[in-house]
Number of protein chains: 2
Amino acid sequence: MHLRHMSGRMIGDQKTVLKFETMLNNVISGDSIEIMKQIPDNSVDLIFADPPYNLQLENELYRPNETKVNGVSEDWDKFRSFQDYDDFTLNWLSQCKRILKESGTIWVIGTYHNIFRVGKIMQDLGFWILNDIVWIKTNPMPNFKGTRFNNAHETLIWASKDKESKYTFNYKTMKAYNDDLQMRSDWYIPICQGDERIKINGQKLHPTQKPEALLYRIITATSKPGDIVLDPFAGTGTTLVVAKKLGRSFIGIEKEPLYVDACRERLKNTASYQQKLLDYPLEIRPKRVPFGSLIENGYVKAGEYLYSPDGEARALVLANGTLSYEDKYGSIHKISAMILNKPANNGWAFWYVKRDGKLVSINDLRQKLLKDQYANHHGIQ
Amino acid sequence: MHLRHMSGRMIGDQKTVLKFETMLNNVISGDSIEIMKQIPDNSVDLIFADPPYNLQLENELYRPNETKVNGVSEDWDKFRSFQDYDDFTLNWLSQCKRILKESGTIWVIGTYHNIFRVGKIMQDLGFWILNDIVWIKTNPMPNFKGTRFNNAHETLIWASKDKESKYTFNYKTMKAYNDDLQMRSDWYIPICQGDERIKINGQKLHPTQKPEALLYRIITATSKPGDIVLDPFAGTGTTLVVAKKLGRSFIGIEKEPLYVDACRERLKNTASYQQKLLDYPLEIRPKRVPFGSLIENGYVKAGEYLYSPDGEARALVLANGTLSYEDKYGSIHKISAMILNKPANNGWAFWYVKRDGKLVSINDLRQKLLKDQYANHHGIQ
DNA sequence: TTCGTTACTGAATCTGGAC
DNA sequence: CGTCCAGATTCAGTAACGA
């Protein structure tokens, strides 16, 4: 099944081929940037990245007295720290840009500590930001000291590879998902807790394990079943587990061996949904049917009339698939736009034919044609 | 009254003193950076900045009903490149840093078009970010083409002058204001409309006038009566008007003469309420749970069936939060309407799941999820 | 006057396939 | 590549209008 995704991709030497196959539906233990260097150009459909937030904090954590001992001015230290973080960010994002398919998109999550630097670098690299999403935590940790506003959200940046990219966004699915209203940029999701939170001896294994619900929404909205999802900072594998559930292929990269073990354990216990649950027919764009096809196939006859919704106006159907209305000639779209006095109009939604004295939408006839053709093609009666 | 604020401040030559006094409780017409250069070091308590966003709109946009969207087409929002925008941002933020008091804080508002660049530059300049706040619009403009998530928020960065600054944050006031819960980083405020929106001959004067409620919360939370509030991009003066109402002094800078006139007119009609708490409604988060959330959180599982009230009809729940019924796909609402042969229907009141052999309303599951998710936030067990 | 209906609008990076 | 043109696409709220 995985091999399906390989077809048509440009691949380098044999070593790389093997590497990629090995990576697919696995967690690779190692440095994210080094591992990504072994992934071919334009080879993954979706990236979700939860990078380390601020190396400065780590420095302070591991070497608390360095600043004092060396007498280094704090400004310099801060600058160096930002510079290090920017270099690191530029490196891993550059690899992401290279290996992302033209049609692919990337998600990066962060907080105010790092997300502004990340976003600026993404723009500089040519990623085209499509949205920033705020994950609003329904149950955030309070601000114990009462010194600031309760930090109740994290920010996600969603971007395509280039400004001109055609990207996957399952708009209609998300609208149905959201009670028939457009999905907005504010998402209300609880933090990861309870059984979902991985614990060793009662201690949480990972400090910032993301909730599966967040990844569920991301992967559902911006990828198709069978797509390849990459998480370069896999942690305990939430992205991979949800990708697997949703019938996507995945690649995880994680440096910390303890997390890698946890990933593999979670994946072992995760099953994919069966195929029929992964259908997304709402997103399938109906094949274009020129109005002329209706005539060619006898659904509409040259010489009959098309009627406006109120039945008042009527236009003659010519043999070449165009309409004649008063002294005007043109497509179903042009003539309907003229009648409605609008710059443009979708004629499929305007015109009706008379069948047994009743008005029947030509759009229904189009649907019927598509269905009949499909049935014919598949030998269904 | 103004002189009170002058005491104890270091001031340069006589010219500057006069300048500053002239500026206080006024709107200065001119270039923001040039005017700020004339303001002494360490002299303002609070800065609110709403800089150009650099939206990069290229084409005209039409609503589905063919009406044209009146976007931001003003020259002041146009920059040749990211580099130009960064230079501009660095310049005005540098002046802000210089003139801000040690105890002062700064707010900057933006969207994904610019906020990441702004935040990065703020950090580079040594501003210490205290929070990022998301202004969630209760009534945003939809995404008419269905191409992305509806961009329903803007981001504000709140920062102190330095990491070590002692800054003003009226924690208890905010907590009281928020029903005795800590004020969070997600704020729910409608866009500026109705009588508040300034119009000339029925046309909006400023394309991006901010709601007073937003400024009310900012100034109430992070300044004290008598403080000096600066807005370097004053526009039609929302910041200044709210500052005046709340008994703060203010300085506004605005380049466009039409806006300056509007500012002065608004200020003339604004009374200072000093300490009095104004009655801006505190928007409550819409506690709406989309059907998809039930699946994300495991209250309903992909692959199970929803049943009609009589248990006769059943629809399959797909992994993406939509339903499959016979050969039709759609939301819980659409499918239920189809079964009832009605143009529309509330799916929440129609569908049931089976639990222990009994039918349970999905509306009850929604209530349960709501209760579970917000239990922590409200301190409920 | 009241109530229902219609029209209008808002910081928006807003199409895509065939030729 | 660019050009052409079919055809898919909106939510909350205010204001004006008419019965």
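What's counted below: heavy atoms across the whole structure, side chains too, no hydrogens, waters or symmetry copies. Here is the naming used below: chain letters follow the sequence lines, and residue numbers restart at 1 for every chain.
- Residue contacts for Q182(A): at a heavy-atom cut-off of 4.0 Å it reaches the sugar-phosphate backbone alone, with no base atom in range.
- Checked for salt-bridge contact, E196(B) and K210(B) miss the test: no charged N lies under 4.0 Å from a carboxylate O.
- Using the six-membered ring where Trp is involved, W107(B) and W187(B) have ring planes that are tilted, between 30° and 60° apart.
- When the C1' atom of dC8(C) is taken as reference, atom OH of Y62(B) falls 16 Å away, rounded to whole Å.
- Residue-level contact check: D50(B) touches the bases, meaning some heavy atom is under 4.0 Å from a base atom.
- In this structure, F169(A) places its CZ atom 11 Å from C1' of dC14(C), rounding to the nearest Å.
- Taking atom CG on L55(B) and atom P on dC14(C), their separation rounds to 10 Å, with Å as the unit.
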Legend entry - Residue pair D162(A), K97(A): steps toward the salt bridge (Lys or Arg N to Asp or Glu O under 4.0 Å) verdict: CA-CA 9 Å; D162(A) 301 296; K97(A) 184 113 196 299; 3.6 Å; yes

Inset, instruction - Tell me, with the steps shown, if K163(A) and E58(B) meet salt bridge (Lys or Arg N to Asp or Glu O under 4.0 Å). - result: CA-CA 12 Å; K163(A) 184 178 176 184; E58(B) 288 178 352; 2.6 Å; yes

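- Across all strands shown, K163(A) has no heavy atoms under 4.0 Å from either base or sugar-phosphate atoms.
- Counting non-hydrogen atoms under 4.0 angstrom, K175(A) reaches the backbone sugars and phosphates but no base.
- Contact annotation for K287(A): no contact, since no heavy-atom pair falls under 4.0 Å across all strands.
- Between the P atoms of dA18(C) and dA8(D), the separation comes to 14 Å (whole Å).
- Using a 4.0 Å cutoff to heavy atoms of chain A, the contacted part of DNA chain D runs 5' to 3' from dA6(D) to dA12(D).
- Here the C1' atom of nucleotide dG10(C) and the NZ atom of K210(B) are 11 Å apart, to the nearest Å.
- Among the heavy atoms of the strands, none lies under 4.0 Å from P211(B).
- For N70(B) and R288(A), each mapped to the nucleotide of DNA chain C holding its nearest heavy atom, the one lying further toward the 5' end belongs to N70(B).
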Legend entry - Worked check of side chain to side chain donor-acceptor pair (under 3.5 Å) between H333(B) and S331(B): CA-CA 5 Å; H333(B) 310 291; S331(B) 67; 5.4 Å; no

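- Residue contacts for P140(B): at a heavy-atom cut-off of 4.0 Å it reaches a base atom on one of the strands shown.
- Nucleic acid contact class of N150(B) (heavy atoms, under 4.0 Å, all strands): none.
- At a threshold of 4.0 angstrom between heavy atoms, the contacts of H333(A) are confined to the sugar-phosphate backbone, with no base atom among them.
- Comparing the P positions of dT9(D) and dG10(C) gives an interatomic distance of 25 Å, to the nearest angstrom.
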Inset, instruction - Any chance you could encode DNA chain C as dot-bracket? Rule is Watson-Crick or G-U wobble with both distances under 3.5 Å; [ ] for pairs crossing earlier ones, | for another strand. - result: .|||||||||....|||||

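- Using atom P as the reference point in both dA11(C) and dA6(D), the two lie 34 Å apart (nearest Å).
- The cationic atom of K78(B) (NZ for Lys, CZ for Arg) does not lie both less than 6.0 Å from the six-membered ring centre of W76(B) and within 45° of the ring axis.
- The line from OG of S185(B) to CD1 of I136(A) is 7.5 Å long, rounded to the nearest 0.5 Å.
- Base contact: N59(B) has a heavy atom under 4.0 Å from a base atom.
- Contact annotation for N143(B): base contact, defined as any heavy-atom pair under 4.0 Å involving a base atom.
- Figure legend: cation-pi geometry between R314(A) and Y325(A) absent, as NZ or CZ is not positioned both under 6.0 Å from the six-membered ring centre and within 45° of its axis.
- For the pair K224(A) and E283(A), the salt-bridge criterion is not met [side-chain N within less than 4.0 Å of a carboxylate O].
- Using a 4.0 Å heavy-atom cutoff across all strands shown, R184(A) reaches no nucleic acid atom at all.
- Under 4.0 angstrom from either OP1 or OP2 of dA12(C) there lies no side-chain N or O belonging to K145(B).
- If you take OH of Y167(A) and C1' of dT15(C), they are 10 Å apart, rounded to a whole angstrom.
- Here I129(A) lies in heavy-atom contact (under 4.0 Å) with a base.
- Residue V108(A) forms a side-chain contact (heavy atoms from CB on, under 4.5 Å) with just one option from T89(A), V118(A), I47(A), and that option is V118(A).
- Nucleotides dT1(C) and dC17(D) have their C1' atoms positioned 15 Å apart, rounded to a whole Å.
- Checking dT15(C), dA12(C), dG16(C) against every side-chain atom of T147(B), the shortest atom distance belongs to dT15(C).
- A tilted orientation is assigned to the rings of F88(B) and F233(B), their planes being inclined by 30° to 60°.
- Here W128(A) lies in heavy-atom contact (under 4.0 Å) with a base.
- dG7(D) and dA12(C) have their P atoms separated by 30 Å, with the value rounded to a whole Å.
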